[in-house]
Number of protein chains: 8
Amino acid sequence: MNNFKYNRLNKDDAAVLLVDHQAGLLSLVRDIEPDRFKNNVLALADLAKYFNLPTILTTSFEQGPNGPLVPELKELFPDAPYIARPGQINAWDNEDFVKAVKATGKKQLIIAGVVTEVCVAFPALAALEEEFDVFVVTDASGTFNEMTRDAAHDRMSQAGAQLMTWFGVACELHRDWRNDVEGLAALFSNHIPDYRNLITSYNALTAGK
Amino acid sequence: MNNFKYNRLNKDDAAVLLVDHQAGLLSLVRDIEPDRFKNNVLALADLAKYFNLPTILTTSFEQGPNGPLVPELKELFPDAPYIARPGQINAWDNEDFVKAVKATGKKQLIIAGVVTEVCVAFPALAALEEEFDVFVVTDASGTFNEMTRDAAHDRMSQAGAQLMTWFGVACELHRDWRNDVEGLAALFSNHIPDYRNLITSYNALTAGK
Amino acid sequence: MNNFKYNRLNKDDAAVLLVDHQAGLLSLVRDIEPDRFKNNVLALADLAKYFNLPTILTTSFEQGPNGPLVPELKELFPDAPYIARPGQINAWDNEDFVKAVKATGKKQLIIAGVVTEVCVAFPALAALEEEFDVFVVTDASGTFNEMTRDAAHDRMSQAGAQLMTWFGVACELHRDWRNDVEGLAALFSNHIPDYRNLITSYNALTAGK
Amino acid sequence: MNNFKYNRLNKDDAAVLLVDHQAGLLSLVRDIEPDRFKNNVLALADLAKYFNLPTILTTSFEQGPNGPLVPELKELFPDAPYIARPGQINAWDNEDFVKAVKATGKKQLIIAGVVTEVCVAFPALAALEEEFDVFVVTDASGTFNEMTRDAAHDRMSQAGAQLMTWFGVACELHRDWRNDVEGLAALFSNHIPDYRNLITSYNALTAGK
Amino acid sequence: MNNFKYNRLNKDDAAVLLVDHQAGLLSLVRDIEPDRFKNNVLALADLAKYFNLPTILTTSFEQGPNGPLVPELKELFPDAPYIARPGQINAWDNEDFVKAVKATGKKQLIIAGVVTEVCVAFPALAALEEEFDVFVVTDASGTFNEMTRDAAHDRMSQAGAQLMTWFGVACELHRDWRNDVEGLAALFSNHIPDYRNLITSYNALTAGK
Amino acid sequence: MNNFKYNRLNKDDAAVLLVDHQAGLLSLVRDIEPDRFKNNVLALADLAKYFNLPTILTTSFEQGPNGPLVPELKELFPDAPYIARPGQINAWDNEDFVKAVKATGKKQLIIAGVVTEVCVAFPALAALEEEFDVFVVTDASGTFNEMTRDAAHDRMSQAGAQLMTWFGVACELHRDWRNDVEGLAALFSNHIPDYRNLITSYNALTAGK
Amino acid sequence: MNNFKYNRLNKDDAAVLLVDHQAGLLSLVRDIEPDRFKNNVLALADLAKYFNLPTILTTSFEQGPNGPLVPELKELFPDAPYIARPGQINAWDNEDFVKAVKATGKKQLIIAGVVTEVCVAFPALAALEEEFDVFVVTDASGTFNEMTRDAAHDRMSQAGAQLMTWFGVACELHRDWRNDVEGLAALFSNHIPDYRNLITSYNALTAGK
Amino acid sequence: MNNFKYNRLNKDDAAVLLVDHQAGLLSLVRDIEPDRFKNNVLALADLAKYFNLPTILTTSFEQGPNGPLVPELKELFPDAPYIARPGQINAWDNEDFVKAVKATGKKQLIIAGVVTEVCVAFPALAALEEEFDVFVVTDASGTFNEMTRDAAHDRMSQAGAQLMTWFGVACELHRDWRNDVEGLAALFSNHIPDYRNLITSYNALTAGK
C-alpha cells in the first residue's frame with residue numbers, strides 16, 4: 001500500500017561528489033561553526049577513502065577569489081578525477097564532470113559541497129532528473145545561514161533526494177561492525193571526539209585484561 | 001479526494017522497539033539536554049509498561065566502548081526479548097530482531113533509539129518497506145546535533161513514518177481518561193514536572209473537600 | 001500538470017474549533033513565550049468573533065488539575081457550543097463535539113488548542129479522514145517544546161492539513177481591506193503592537209489634515 | 001520511476017514580483033535582522049535588474065499606516081508596472097496585477113514580499129493553481145517571527161512552490177561565470193561582505209601580476 | 001568588612017521616569033519580542049500607578065519620525081509632568097526634566113525607556129553622578145539587539161545602577177502581601193499570564209468552599 | 001596587593017535556605033527547562049542532606065495560588081525549620097526566618113529559590129548587609145526569563161554574593177573524594193545522567209576484575 | 001558617597017582608533033552576522049567623519065594573509081594617520097601609533113577593531129594604563145564567537161573601559177538634535193533600516209503639509 | 001586616578017596548568033560543541049609547547065569513571081610534572097601540585113580544565129589568594145551548560161582573574177609577528193580553519209611571485 005522502497009546506500013553502488021570545497025568559498029559558510037565543518041568534510045573524505053568509493057573532485061574558478069581546493073582533499077585523492085570547471089556554476093552543466101560521474105558506473109551519488117543551495121542543490125537536482133539516487137550529506141555542505149540552508153534542503157528533499165549526514169552514510173555503507181571493527185572505530189575516533197573518549201576509557205580499563 | 005486515512009496508534013496493535021540506549025552511546029547525544037533525554041526515554045519505557053505493549057530491547061556491541069544498556073531499561077523489562085546484536089548496525093539486519101518483532105504479531109511499531117539517524121532511521125526504513133506502520137518517538141531518540149536530527153526526521157517522514165513524541169503516544173494509546181484516570185495521571189506526574197505541580201496544587205486545594 | 005488547487009479560507013465555509021485552552025494545561029506550554037501565546041489565542045478568538053465564524057469550545061476534565069477554560073474565551077463566546085468532554089482525549093471521539101462541528105455545516109475547520117500534538121493533532125487528523133479541510137493555527141496552539149511541536153506539525157502537514165498562523169487566517173478571510181477598513185485595523189491594532197504603533201504615528205501625522 | 005523534472009530558473013522564462021515592501025510594513029518583519037533583510041531585498045532587486053527580468057511592483061494601501069514602497073525599489077524600477085492595490089490583500093485578486101504578470105509572458109514567477117504568509121503566500125498559491133512555476137525568495141521575504149515563517153514555507157512547499165534564496169536565484173539564472181564574470185562578481189561584491197573581502201584580497205595580491 | 005548596604009526600593013522614596021516610549025522609536029526595539037515588551041512597559045506603568053509613585057513622562061521630538069508617546073501611557077498619567085524635549089537627547093540635559101525629578105523630592109529613581117543605551121543610560125549615569133539611587137528596569141527598556149543591550153547594562157551596572165525588572169520592583173516596593181492582597185494579585189494577573197492561570201484554577205477550586 | 005580572600009564553602013560553616021519552591025510558583029519558571037530545574041532543586045536538597053547542612057524551608061502564601069511546597073522537599077527535611085510566611089515577600093523580613101537562620105550559627109548561607117530576582121535576591125541582599133557570606137545556587141533558582149535572571153545575578157554579584165551552581169557547591173564542600181567516594185558518586189549518579197553513564201560503563205568493564 | 005563621575009563622550013575630547021579592519025581578518029569574525037557588522041563599522045566611520053573626530057587607521061601585516069584594510073575605510077579617511085604596523089600585534093606597542101594618538105591631544109579614545117580580544121583589548125588596556133579614557137565600540141568590533149567576545153568584554157570592563165555601541169556613541173557626542181537635525185537623521189537613515197523607514201513614512205505623510 | 005595596571009602575559013613569567021582533561025569527564029562538557037572544544041584544548045597545549053611555557057598536568061581519579069588524561073596531552077608533554085591526585089578535588093589542595101607550580105618560579109598562571117566551576121575555579125581562586133596572577137582560558141575549559149559556566153566566570157572575574165581565550169593568550173605572549181612569523185602562522189593554521197584558508201589562498205596567489 002505504502003509502496004515505500006528503502007533505497008539504501010550500498011558500497012558497491014555509490015560514488016562521492018565533492019563540489020567546490022575551496023579555500024575562498026569556505027569563508028562564506030556560516031551555518032556551521034568552522035571547526036565542526038572542517039571535521040565533517042574531512043570525515044566524509046576519509047569515509048570515501050575507507051570504503052574505496054569512487055570520488056570526484058570539482059572546483060569553480062580556482063584561480064579567482066574562490067580560491068584553490070583545500071589541500072587536504074587534494075592529498076587524500078591524488079588520483080581522483082578532478083574537474084576544474086572553467087565557468088559552469090552547476091557542475092552538472094560541465095560535460096567532463098557528468099562523464100566522470102557516469103564513468104564510475106554507480107547509481108547512488110553521495111554529494112556534498114559549498115554552498116549548499118548552489119554547488120550541492122544544482123547538480124543534485126540535475127542528477128535526480130537523470131534518475132540517479134541522490135544522497136545529500138548535509139553536514140559536509142555549508143552555506144551562508146540557516147535560512148539559505150533550510151530552503152535548499154526543502155528543495156532537494158521535495159525532489160526526492162535523501163538528506164543524510166556523514167555518520168549515517170558511514171554506518172549505512174558499513175552494514176556490520178564485523179566487516180572491520182578496527183577500521184570503522186578508527187574513522188569514528190578520528191572524527192567524533194566523544195567516541196574517541198569512549199575508546200580511550202575503554203582501552204584504559206581493559207588494557208590489563 | 002484527500003484519501004487520507006488516520007493511522008492511529010492502538011494499544012492492541014502496537015509494539016515498542018528500544019534500540020541501543022547504551023551507556024556509552026548516550027554520551028554522543030547532544031541534540032537534547034541530558035536531564036530531559038533521560039526523562040523522555042524512561043517515560044517511553046514506563047508507558048510501554050503501562051499499556052502492556054510488547055517491547056523489544058536491542059543493543060550493539062555491548063562489550064565494547066558503546067557500553068551496556070542503561071540499567072533502568074533492563075530492570076523495567078526483565079522478560080522482554082533482548083537482542084544483543086553481534087555486529088549488525090541496522091537492527092533489522094539481525095534475523096533474531098526481526099523474528100522478535102514479527103512474533104509480537106503487531107503492525108504498529110513505536111521506535112526510539114540512539115543515534116536517531118542510524119539506530120532509529122535504519123530499522124524504521126526497513127520496517128516501512130515491509131509495510132509496518134512506523135511511529136518514531138523523536139524525543140526519546142537522540143543524536144549528535146540538530147543537523148543530524150533534522151536530516152534523519154526528513155528522511156523518515158518522507159518515507160512514510162509518523163513523527164511523534166512520547167506524550168502524544170501515551171495519549172493516542174489511552175484514548176479516554178476514564179479508562180484509568182489514576183494510571184495516566186501517575187505516568188504524567190512522574191515525567192512532566194509541570195503536570196505534577198498541577199496535581200500537587202489540585203490535591204492541596206481539594207484535600208478537605 | 002501540477003493539479004494544485006488553492007484551498008482558500010472563505011468566511012462562509014469556515015468554523016473555528018478551540019480545544020482545551022484551560023488554565024492548568026497552559027502551564028505546560030513552553031514552545032511560545034506566555035505573553036505572546038496569550039495574545040495569539042485572544043487574537044484568534046477575536047477574529048472568529050469579527051468574522052462571525054461558528055466557534056466551538058471544548059475542554060477536557062475541567063474539574064481536575066487541567067483547570068477551567070480561560071475566562072476570556074468563555075466571555076467572548078457565551079452562546080457557542082461548549083463541550084466539556086467527560087474523558088475523551090481526542091475531541092473527535094466525543095459525539096457531541098462532532099455533532100456540533102457538523103451542525104455548523106462548514107467544510108473548513110480552523111483548529112487551535114493545547115497541547116498541539118494531542119488536542120490539535122488528534123481531531124485534525126480525524127477530521128481530515130472525514131474529508132474536512134483542516135487549517136491549523138500553529139501560533140494559537142502550544143506545547144511542551146519545539147521538538148514536540150515540530151513532530152506534530154510534520155504529522156499534520158503530511159496528512160494534508162494546512163499550517164497557518166492567526167494573522168494569515170484573518171487576511172485570507174477578509175480578502176479586501178475595503179470590506180471594512182476600521183474593523184480589520186482594530187483587530188490588528190489590538191493584537192500587533194508594531195501595527196498599533198504604525199497607526200498611532202499615522203493618526204498623529206494626519207490628525208490635522 | 002522518480003519522474004522528477006528539474007524545473008530550473010531560466011532568464012528568458014522568469015519574472016519577478018515584489019509585493020508590499022512598504023516602509024510601514026517593514027517594521028513588522030522580525031524573523032530576519034533588519035540590516036540583512038534590507039540587503040537581501042536590494043540584492044534581489046539588483047539581480048532582477050542585472051538579468052533584465054520583467055519586474056512588477058505592487059503595494060497595499062500606500063496612503064495608510066502601511067506606508068509607501070521603499071524608495072530604493074521605486075528608483076531601481078522606474079518603468080516597471082506598479083500596481084497600488086486599492087484594497088485586495090492577495091495581489092492575485094487584483095486584475096491589474098494578474099494582467100501585468102501575464103503580460104510578461106513568463107511562466108516562472110520569482111516572488112518576494114512582506115509579510116511572507118500573506119503577501120507572498122497568497123499570490124504564490126493562486127499562481128500555482130494557474131500552473132505558473134513559483135519560486136519563493138525566502139530571504140527577501142519577511143514576517144513576524146519564525147513560527148509564522150515556518151508555517152508559510154510549509155504551506156507553499158506542499159503546494160509545489162520551490163523555496164530559494166536570492167543567491168541561488170542569481171546563480172541558477174546566470175548558469176556560467178563566463179557569461180559575464182565582472183557583472184556577477186559586482187552583484188556578489190555589493191551584497192555579500194565575505195565575497196567582497198575575497199575580491200579585495202585577491203585584487204591586492206594580483207595587482208602587480 | 002563587606003560594607004554592603006542593601007539599597008532597597010521604598011515606596012516613599014521612589015519616583016518613576018518613563019523616557020521616550022514613542023510609537024516610532026518602538027519599531028527600533030528588537031531585543032525583546034513586541035508582545036512581551038508592550039506588556040512589560042504597561043506593567044511598569046500600572047505599578048507606578050498602583051504604588052502612587054510620582055511619575056515623569058518625557059519624549060524626544062514627538063512631531064518628527066520618532067512619533068508620539070504611546071497613548072496608553074498618556075492616558076494612565078494625565079496629570080504627570082510631561083516634558084516634550086525640544087532636542088536634548090539625554091533627558092537630564094533638559095532643565096525642566098531635572099526640575100521635575102527634583103520636585104518629587106525622591107532619592108530613588110526607577111528608570112525605563114527606549115532605547116536602553118541612550119534614553120535610559122544617559123540620564124541614569126547623569127543621575128548617579130548627582131547621587132541619586134538609580135534602579136534600571138531592564139525589561140521595560142528596549143534597544144536594537146542584545147549586543148547594544150549588554151553594553152548598556154554593563155556601563156550602568158559598573159557606574160552603580162541596580163539592574164532590576166518590573167516584577168522585582170513591584171515586590172520590593174510592596175514588601176508584604178498583607179498590605180493589599182487583592183491589589184497586588186490584580187497587578188500580577190493582568191501582566192503575568194502564568195499567574196493569571198494560577199488564580200483562575202485556584203478560584204475555580206475554592207469557589208464552593 | 002590583590003587582597004583577595006578565597007571565601008570557600010565549608011561544611012561546618014554552611015546552612016541551606018530553600019525559598020518558595022512551591023507548586024504554583026514553579027509554573028512561572030521559564031529560564032530553565034522543567035526537567036533540568038526539578039533535577040537541580042532535588043540535587044541541591046540531596047546534597048544538603050548528604051553533608052548534613054542545617055536547612056531551612058520557607059514558603060509564601062501556601063494556601064493561595066502560589067501553592068504548597070513541592071512534596072519532595074517536605075519529605076526530605078521533615079525536621080527542618082519550616083517557616084510559612086504569612087505575607088512577607090522578602091523572607092528576611094520575617095523574624096522567625098531570620099531567627100532560624102541565626103540559630104544555625106552558620107556564617108555561610110547557600111540560597112536557592114523561586115523566583116530568582118525576588119525570593120532569592122531579596123534575602124540574599126539582606127543577609128549580605130548583615131555580613132553573612134552568601135552563595136547563590138543559580139541553577140536551583142528559577143525565574144521568568146533570561147532577562148530577569150541576568151538582572152538578578154548582576155545585582156547580587158555586585159553586592160558581593162558568590163554565584164555558584166549545585167555541582168560546584170557539592171565539590172567545594174566535599175573537598176576530597178577520599179572523604180567518601182561512594183556517597184559523592186551516588187549523589188552525582190542520581191543527578192547527572194552523563195556521570196551515571198560513566199559509572200555504568202566503568203562498572204561493566206571492571207565487574208570481573 | 002558613590003563618587004561616580006559620569007565620564008561622558010565629548011566631541012572636542014575624543015579620537016577614534018580603527019584597528020585592523022582588514023579584508024582577510026574579517027573572515028574570522030563570526031560573533032556578528034556580516035551584513036550587520038559591515039554596517040556597524042561603516043556607521044562608526046561615518047560618525048567619526050560627521051563629528052570631525054581625529055581618526056587613526058592601523059593594520060597588521062597588510063601584505064600577508066591578513067589582507068588589506070577594507071577600501072571603504074581608506075576612502076573615507078584619505079588624510080588620516082595610517083600606521084601599517086610591521087609586526088606588533090598590540091598597536092600600542094608601535095611607537096608611531098602611540099605618537100599619532102597622542103598627537104591628537106585627545107583624552108577620550110573610541111576604539112573598534114578585529115579581533116576584539118586582541119586588536120581592541122590590547123591597545124585598550126595599554127591606553128587605560130596611561131590614563132586615557134577608553135570607550136570600546138563593541139558592535140564595530142568582531143571576533144571568533146561569543147565566548148571570545150564575552151571574555152574580552154569582561155577583561156576590558158573590569159579594567160575600566162566603557163562598553164558602548166556606535167549608536168550610543170553618536171548620541172552621546174551629538175548631545176542635542178538641534179545642533180543639526182538633518183545631519184544626524186542622515187547618519188541614522190543610512191545605517192538603521194528601521195529608522196530610515198520611519199523617515200520615509202514621515203516624509204510621505206507630511207509632504208503636502 | 002584610574003590606577004589600572006595592565007597585567008600582561010609575558011612568556012618569561014607564565015606557566016600553564018591543565019586540570020582534569022580526562023576522557024570520562026569530557027563527556028560532561030556541554031557548553032561547547034565537542035569538535036570546537038577538542039580543538040581549543042589542543043590549541044592551548046600547542047601554544048604552551050610553542051612558547052616553551054612550563055606546563056603542569058594533573059588529573060583526578062584516573063582509575064575510576066573519570067577516565068585517563070586524553071592521550072594527546074600526555075604525548076605533547078612527556079616530561080611535564082604530572083600530578084595524579086589521589087582525591088583532592090581542588091588541585092591546589094594537593095601539595096605536590098602547588099609545589100610543582102611554585103617550582104616553575106612563574107607568577108602568571110594560565111589555567112584551563114574540566115569542569116570550569118570546579119577544576120578551574122577552585123585552584124584559580126586559591127592561587128589568587130596567594131597573589132598569583134590568574135588568566136583563565138575560558139574556551140579550553142568546559143562544563144555542563146551555559147548557566148554553570150556563567151556563574152563560574154563571574155566568580156573568578158570578581159576575584160580578580162582575567163578571562164581570556166587561547167587566541168588572545170597566544171597573541172599576548174607573542175607580542176610581535178617578527179619574533180617568528182612561520183611559527184605563529186603554523187599555530188593559527190592548525191587550529192583556526194578560517195585562518196588556514198586565508199593562508200591557502202594567499203600561498204596560491206603568491207606562489208609564482
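Naming convention: chains lettered A, B, ... in sequence-line order (proteins, then strands); numbering from 1 in each chain.
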Verdict with supporting geometry, Ile32(H) and Met147(G), side chain to side chain contact (heavy atoms under 4.5 Å, CB included) | CA-CA 9 Å; Ile32(H) 316 187; Met147(G) 219 178 180; 3.7 Å; yes
Should Ile192(H) and Phe144(G) be marked as a side chain to side chain contact (heavy atoms under 4.5 Å, CB included) after you check the CA-CA gap, both sets of side-chain angles, and the distance that decides it?
-> CA-CA 9 Å; Ile192(H) 306 174; Phe144(G) 299 100; 3.8 Å; yes
Check against side-chain hydrogen bond (donor to acceptor under 3.5 Å, both in side chains), Asn66(G) and Tyr195(H) = CA-CA 9 Å; Asn66(G) 293 353; Tyr195(H) 210 86; 2.6 Å; yes
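Two residues are said to be in side-chain contact when any heavy atoms from C-beta on lie closer than 4.5 Å; Arg155(G) and Leu163(H) fail this criterion. In this structure, the side chains of Thr148(G) and Phe167(H) stay at 4.5 Å or more apart for every pair of heavy atoms. Considering only heavy atoms from C-beta on, Glu117(G) comes within 4.5 Å of Thr165(H) through its side chain.
Between chain H and the residues Gly87(G), Gly67(G), Ala121(G), Ala151(G), the most heavy-atom pairs under 4.5 angstrom are made by Gly87(G). By number of non-hydrogen pairs under 4.5 angstrom with chain G, the leading residue of Asp176(H), Thr138(H), Leu198(H) is Asp176(H). The most heavy-atom pairs under 4.5 Å with chain G, out of Cys171(H), Ala185(H), Ser201(H), Gly168(H), come from Cys171(H). For the set Asp133(G), Asn145(G), Thr116(G), Asp150(G), the count of heavy-atom pairs under 4.5 angstrom toward chain H peaks at Asn145(G).
Heavy atoms closer than 4.5 Å to chain G are found nowhere in Asn197(H), neither backbone nor side chain. Using a 4.5 Å cut-off between heavy atoms, Val136(H) does not touch chain G at all. In this structure, the portion of Gln63(G) lying under 4.5 Å from any heavy atom of chain H is its backbone and not its side chain. Contacts between Arg85(G) and chain H at a heavy-atom distance below 4.5 Å are absent for every atom of the residue. At a 4.5 Å heavy-atom cutoff, the contact between Phe135(H) and chain G is made by side-chain atoms alone. Using a 4.5 Å cut-off between heavy atoms, Gln158(G) contacts chain H through its side chain alone, with no backbone atom that close.
Here the options are Arg8(H), Arg175(H), Glu172(H), the test is side chain to side chain contact (heavy atoms under 4.5 Å, CB included), and the partner is Phe122(G); only Glu172(H) passes.
The minimum heavy-atom distance linking Pro65(G) with Tyr202(H) is given by the pair N-CD1, 3.9 Å.
Taking CE of Met156(H) as the reference point, atom CG of Asp154(G) lies at 10.0 Å (rounded to 0.5 Å).
When only modelled atom types and interatomic distance are considered, Ser27(G) and Asp194(H) share no side-chain donor-acceptor pair under 3.5 Å.
Between the Glu129(G) side chain and the Tyr6(H) main chain, a donor and an acceptor come within less than 3.5 Å of each other.
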